[in-house]
Amino acid sequence: MNQAPQRALILFAHGARAASWAAPFERLRDMTQARMPGTRVALAFLELMTPQLSELVAELAAAGAARITVVPVFLGQGGHVLRDLPLLVEQLRNDHPGVAIEVAGAVGEDPSVLKAMTDYCVAAAGGA
């Protein structure tokens, strides 16, 4: 029987009512997984879609993950990232004391992500 990797990466997105909304996040998960074959890469949602963060962390912990990194796939540090996520992670750390859970900044706050978005916007407008 395959044992789960000791490390896991969760891409944490908001969620939406339309299932098609998740498609770019699923592609991001798959592309990230391809670059990190020794790490389980999974997608969790705050609301409206499953799995939610708490159920995914419980699944990963039960499968033996010792270290989980959560990357908020949000453009900015709004209320969900600043208020909701820290409360969720605090509860998860209490529920799974043997698992180290780290949280990265919102993906849209990273300078390299902003540069890629700028490049796309400029190209879309026909700029250089």
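The model shown is predicted, which means the values in this text are computed figures rather than measured ones. For reference, positions follow the sequence shown, starting with 1.
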Taking the side chain as everything from C-beta on, heavy atoms only, tell me whether V89 gets closer than 4.5 Å to V57. no
Flag yes if more than 12 heavy atoms outside L75 fall under 6.0 Å of its CG atom; otherwise flag no. no
Above 12 or not: heavy atoms from other molecules or residues under 6.0 Å from CE of M117? no
H96 meets the ring-ring contact (aromatic ring centres under 6.0 Å, His included) criterion, sequence neighbours left out, with none
Hey, does the side chain of Q33 reach the backbone of T39 with a donor-acceptor pair shorter than 3.5 angstrom? yes
Any R83 side-chain heavy atom under 4.5 Å of L87 side chain: no
Side-chain contact, heavy-atom cut-off 4.5 Å: S54 with L88? no
Look at the side chain of R29 and the backbone N and O of L11, then say whether any donor-acceptor pair between them is shorter than 3.5 Å. no
With Q91 via side chain to side chain donor-acceptor pair (under 3.5 Å) - residues at least two apart: D95
Mind telling me whether F74 and F12 have parallel, tilted or perpendicular rings, with 30° and 60° as the class edges? tilted
Check the pair L43 / V73 against side chain to side chain contact (heavy atoms under 4.5 Å, CB included), numbers first and verdict last. CA-CA 10 Å; L43 183 58; V73 188; 5.6 Å; no
Is it true that a side-chain atom of Q6 and a backbone atom of G64 form a donor plus acceptor pair closer than 3.5 Å? yes
Distance-only, no hydrogens or angles: does the E109 side chain make a donor-acceptor pair with backbone N or O of A106 under 3.5 Å? no
